Amino acid sequence: MLRCIIVGYGFLGKRLARLIASGALGGVKLVGIASSKGYIYKEDGFLLSDLPDDLQSSSMLRLAPASELINKRIADLLVELTPTNIRDGEPGLSHIRLALEQGMDVVTANKGPIALAYEELMELAEGTGAMLLHEATVGGGIPLISLKNRCLAADELLSIRGILNGTTNYILSRMHFEGMTLDLALKEAQMLGIAERDPTLDLEGVDTALKLVILANSLMSMKKRLSDVKIKGITKITSEAITAAKESGMTIKLIGIADENGLRVAPKLVRLNDPICVHGTLNAVSFNFRILGRLTIIGEGAGESTVSALINDIHEVVKTRMRSNRI
Ligand SMILES: NC(=O)c1ccc[n+]([C@@H]2O[C@H](COP(=O)([O-])OP(=O)(O)OC[C@H]3O[C@@H](n4cnc5c(N)ncnc54)[C@H](OP(=O)(O)O)[C@@H]3O)[C@@H](O)[C@H]2O)c1
């Protein structure tokens, strides 16, 4: 059995913990969980009935940082699900480094460490023979990274063009279809829980840029940083601009592009019949491969569907470690 610890017991962490503890993921047991309050652990594995709503309510809670749990060496796999921090990647970056240094495999949805330190972390993983999988960092449950790495590994990815942020896509869709102003569409998105209370990173295109950096580095072997991306958000898009676009069979979408000219994020006119022209909270990514040509993939880019990316990465670790008789 692969012994797993989850660091970050929020929206994703709780859903994943329930799946593993209920036995829905074959070959894996959950032996530890950490939040910002401390951690709990059980070496023979948590059952569903053992899982607390919040760690504070557990009698097993140890008031110590997640690093102490990682250092206990009771697990083969760390699933890192703490909040994304785009300044220095912490606390996730330290958690991932610590695990990889010990040869512990890592699966994460945390964009910060992967966007800021991809090369360093991959080198560290190679050095200790650990796996580092991060499908859930981009596009929720849409298998963007495994699509390239597993199905199209021999082809060369020449460019990426896509809608990578569901919040801004929801806002632009409401402006297009309902004639709403950006402010009103944003308020509605916040009421529905689609937009954060502070939506700056989404509206200013930074979230899209982070995801573009992750895709460019991991799928196109680029060595880009967030500061290499030319970023323009949607804050200046008016209802009038959307109406004018609509009259010519187009709309405005926040598009991220990675190609031979570099990385950029900006609102662009998109034809309504372009395959990447999806609406609401959907994401769409169009890959251009040297041999295959263009391939567009569409799906929910966040929320519950992200758990699918996490369990598929965990399954990949289980399969690999079983093959090498490590578990
Ligand atoms: N939710 C999505 O749809 C989605 C999709 C793709 C990627 N992601 C990324 O996945 C990660 C997790 O997302 P989420 O929505 O599950 O976040 P969340 O609901 O905000 O949960 C974050 C968890 O991290 C814990 N935490 C914070 N600081 C910590 C520390 N120093 N040590 C240990 N734990 C700490 C929090 O503890 P407390 O409970 O004590 O506050 C909380 O349990 C984020 O990086 C996010 O950007 C999320």
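This is a predicted model, so every value here is computed, not measured. Below, each value reflects all heavy atoms present in this structure, side chains not excepted, and no hydrogens, waters or symmetry copies. Sequential numbering from 1 along the given sequence is applied to the chain's residues. In each ligand, atom 1 is the first atom listed, and ligand 1 is the first ligand listed.
Closest to atom 43 (O) of ligand 1 among all protein heavy atoms lies Tyr9 N, 2.9 Å. Here the protein heavy atom with the shortest distance to atom 27 (C) of ligand 1 is Pro83 CD, 3.4 Å. Here the heavy atom of the protein found nearest to atom 39 (O) of ligand 1 is Ser35 CB, 3.9 Å. In terms of protein heavy atoms, atom 5 (C) of ligand 1 is closest to Thr306 OG1, 3.4 Å. From the protein, the heavy atom lying nearest to atom 37 (O) of ligand 1 is Ser36 N, 3.1 Å. With respect to atom 19 (O) of ligand 1, the closest heavy atom belonging to the protein is Phe11 N, 2.9 Å.
Taking a cut-off of under 4.0 Å to the non-hydrogen atoms of Gly8, the atoms of ligand 1 that pass are 23 (C), 24 (O), 25 (C), 43 (O). Close contacts between ligand 1 and Ala136 involve ligand atoms 6 (C), 7 (C) [criterion: under 4.0 Å to a heavy atom]. Less than 4.0 angstrom separates some heavy atom of Gly10 from each of these atoms of ligand 1: 16 (O), 19 (O), 21 (O), 23 (C), 42 (C), 43 (O). Numbered from 1 in the order shown, with element, the atoms of ligand 1 that lie under 4.0 Å from a heavy atom of Ala302 read 3 (O). For ligand 1, the atoms sitting less than 4.0 Å from at least one non-hydrogen atom of Asn110 are 45 (O), numbered in the order shown with element in parentheses. The contact set between ligand 1 and Lys111, taken as ligand atoms under 4.0 Å from a residue heavy atom, comprises 47 (O).
Legend: residues meeting side chain to side chain contact (heavy atoms under 4.5 Å, CB included) with Ser36, ordered by chain and number and at least two apart, are absent. For Glu304, the salt bridge (Lys or Arg N to Asp or Glu O under 4.0 Å) criterion is met by Arg15, not counting sequence neighbours.
For the pair Gly140 and ligand 1, no heavy-atom separation below 4.0 Å is found. Taking 4.0 Å as the cut-off, Glu304 does not count as a neighbour of ligand 1 on heavy-atom distance.
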